[in-house]
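First the structure, in the form of structure tokens, and then the observations on it.
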Amino acid sequence: MRIAFLSSEVVPFAKTGGLADVAGALPKALRKHNADALVILPLYQQVDRNLLSDTVIEVPIDWRGHTRLTRVFQSDAAGAPAYLIDAPQYFSRSAIYGFSDDHERFAFLGRAALSLVRHLDWQPDIVHTNDWPGGFPTIELRARRRFDPFFEKTRSIFSIHNLAYQGRFDPADLWWMGFDDYRDKNDFLLEGTASALKAGLLSADALSTVSRRYAYEIQTPEQGNGLDWLLRQRRDRLLGITNGVDYDLWNPETDPYIAAPFSAADLTGKQECKLDLLRRFGLPEELNRPIIAIISRLVAQKGYDLIKPLARGILDTGCFFIALGAGAKEYEDFLQSWHDAAPHRVGVYKGYAGEPLAHQIEAGADMFLMPSQYEPCGLNQMYSMRYGTVPIVRATGGLDDTVENFDERRGTGNGFKFREYVPGALLEKIREALYFYARPEAWRAIQLNGMMMDNSWPTVAQKYIDLYLRVLGL
Ligand code: ADP
Ligand code: GLC
């Protein structure tokens with residue numbers, strides 16, 4: 001089976017969040033199941049050129065009325081063949097997203113991806129796209145299938161990682177993008193704008209999203225972002241598959257970034273990692289004081305509106321707080337002022353730090369906070385568990401599916417979760433976690449329950465293979 005996997009971010013090339021982790025791990029895992037998967041992404045300015053091989057191909061791409069020869073670079077660094085589209089006018093920019101022509105940039109990526117597989121004469125069985133940028137190639141594939149025998153048998157999967165990002169733009173642009181056919185155009189239109197997300201949701205042969213709980217939530221008006229009606233319409237084609245963890249990269253026994261290795265059998269190295277983390281953030285070396293950490297994009301989704309009013313209450317519990325995050329100025333300013341007010345208790349890194357610091361925080365912290373307003377899957381809670389760092393989460397989306405409340409009597413559970421999106425509920429859970437932190441035997445049980453979980457990708461990849469087979473009618 002041939003699978004072309006398209007993503008706007010892929011580890012180790014370019015990343016802003018969890019989509020990159022998934023796109024770096026799933027194609028590799030599919031190959032372990034003997035599927036012929038390749039991955040296609042932009043060659044951003046941010047990509048480390050040392051990861052690229054010397055072979056460059058030139059692909060003719062029809063775009064805005066011209067045929068352009070576009071260079072495509074290759075790499076094996078993701079464990080599956082990766083093809084990186086070199087279009088400097090679109091992808092040599094200071095950031096990955098956030099420009100007024102984003103729809104044009106990712107529509108071009110979609111066109112380039114389909115042109116590339118055609119040029120390589122590599123006929124895909126499945127084109128698997130992700131989030132709103134994937135709306136363009138998905139709808140284009142549907143159209144091409146009608147007149148181009150090369151794609152006649154190709155089927156599409158559209159994966160939703162976050163329904164809040166919709167890829168909206170001025171519908172007047174649809175005609176020069178080549179989506180001027182009545183049906184195509186209509187599939188983009190939403191509330192007077194064009195939405196690449198809606199086009200993908202409507203035109204894909206099957207839809208998936210990154211946890212079972214989120215698959216349900218997005219069919220409700222509360223979490224449907226105005227598209228719940230459409231997801232309810234297509235619910236027989238929508239499947240929730242919870243993301244996996246790439247244990248090649250996230251494993252405290254082999255992690256090259258952390259101060260000392262450790263495992264469920266021997267946790268001693270974790271103390272060294274804690275000391276290392278305190279030093280990195282210039283905090284006093286008080287190993288008995290618990291560290292609560294958070295790593296996230298600084299957007300409303302991640303629950304900072306619950307943390308803000310608790311700044312004092314959290315520190316009153318006696319913990320350290322360490323935050324790594326990039327995003328909205330409002331939250332960056334909050335973190336800065338929290339640190340300034342309590343420099344010996346609050347450590348802050350503002351900005352995107354890359355992999356090493358994220359791993360060092362996972363390894364050195366005692367607890368990991370994810371008080372998300374919504375969370376399609378969430379990867380950090382699963383990384384945390386592997387590193388013996390106990391997650392405190394809100395019961396939403398994938399967090400609800402992967403974290404189970406600790407039950408002292410039965411000795412079950414791998415973390416702490418609260419339901420109501422209010423500061424008081426979060427603070428109560430922090431207090432509950434700290435109560436058990438002070439009881440080493442119970443704490444060890446929670447840590448081990450998390451460390452023993454198997455969230456590995458090969459098991460998850462099999463679910464995608466089953467989905468592909470179903471869509472292909474096999
Ligand atoms: P989301 O995809 O919504 O951002 P996930 O929990 O799925 O949330 O994945 C977030 C990923 O991005 C994790 O690998 C996390 O370590 C990483 N990450 C988030 N913010 C930063 C940052 N500022 N610096 C480094 N890594 C980050
Ligand atoms: C999105 C979601 C996150 C999920 C990630 C990977 O960015 O916000 O919950 O884990 O995609 O699927």
Side-chain angles (χ1 to χ4, degrees), residues 5 7-12 14-26 46 95-97 128-134 158-165 197 208-215 217-218 223 225 240-246 249-250 255 257 280 293-304 322-328 331-332 335 347-363 365 368-387 389 391 393-394 396-403 455 457 460 464:
F5 193 90
S7 177
S8 53
E9 42 183 283
V10 181
V11 162
K15 165 166 168 176
T16 69
L19 170 59
D21 292 0
V22 172
L26 177 54
Q46 290 79 356
I96 294 181
Y97 315 105
H128 186 155
T129 64
N130 296 278
D131 275 351
W132 71 263
F158 183 90
S159 288
I160 304 158
H161 297 261
N162 197 327
L163 201 68
Y165 300 98
L197 175 67
S208 77
T209 187
V210 289
S211 71
R212 281 175 45 195
R213 180 84 198 149
Y214 194 60
E217 288 169 346
I218 54 180
Q223 297 247 29
N225 289 277
I241 302 178
T242 304
N243 287 331
V245 173
D246 188 340
L249 303 178
W250 296 92
D255 192 328
Y257 301 127
R280 282 179 192 280
I294 183 166
I295 304 172
S296 75
R297 294 178 294 115
L298 297 177
V299 291
Q301 174 194 346
K302 298 298 178 178
Y304 266 93
I322 288 181
L324 163 59
Y331 301 125
E332 290 201 353
L335 286 174
V348 169
Y349 184 109
K350 291 177 296 176
Y352 183 78
E355 297 305 301
L357 190 60
H359 288 241
Q360 286 145 9
I361 293 174
E362 288 291 5
F368 195 94
L369 216 56
M370 292 181 82
S372 306
Q373 205 176 16
Y374 71 94
E375 196 61 75
C377 177
L379 294 168
N380 280 114
Q381 80 280 14
M382 293 193 272
Y383 299 157
S384 299
M385 288 191 238
R386 189 55 152 206
Y387 284 76
T389 301
V393 307
R394 176 153 178 269
T396 181
L399 297 172
D400 203 10
D401 284 350
T402 56
V403 176
N455 293 308
W457 269 109
V460 180
Y464 280 99

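Each ligand, and each atom within it, is numbered from 1 in the order the structure gives.
- Close N/O approach between Trp250 and ligand 1 is not found [any backbone or side-chain N/O within under 3.5 Å].
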Residue pair Lys15, Glu355: steps toward the salt bridge (charged side-chain N to carboxylate O under 4.0 Å, His left out) verdict: CA-CA 10 Å; Lys15 165 166 168 176; Glu355 297 305 301; 3.0 Å; yes
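- Taking distance alone, with nitrogen or oxygen atoms compared against 3.5 Å, Cys377 approaches ligand 2 more closely than that limit.
- Counting heavy atoms only, Lys302 comes closest to atom 3 (O) of ligand 1 of the residues Lys302, Gln301, Gln381, Glu355.
- Residue contacts with ligand 1: Ala353 is placed with a nitrogen or oxygen under 3.5 Å of a nitrogen or oxygen of the ligand (distance criterion only).
- The protein heavy-atom contact nearest to atom 15 (C) of ligand 1 is Asn380 OD1, 3.2 Å.
- Of the N or O atoms in Gly17, none lie within a sub-3.5 Å distance of an N or O in ligand 1.
- Ring geometry, His359 versus Tyr257: the interplanar angle exceeds 60°, so the pair is classed perpendicular (tilted spans 30 to 60°).
- Separation of the Tyr165 and Trp132 ring centroids does not fall under the 6.0 Å cut-off.
- Residue Ile295 holds the heavy atom nearest to atom 18 (N) of ligand 1 of all those in Ile295, Asn243, Leu249.
- Ligand 1 has no nitrogen or oxygen under 3.5 angstrom from a nitrogen or oxygen of Thr16.
- Regarding atom 4 (O) of ligand 1, its nearest protein heavy-atom neighbour is Arg297 NE, 2.7 Å.
- In this structure, Gly378 counts as a contact residue of ligand 2, since one of its heavy atoms falls inside 4.0 Å of the ligand.
- Leu379 N, 2.9 Å is the protein heavy atom nearest to atom 6 (O) of ligand 1.
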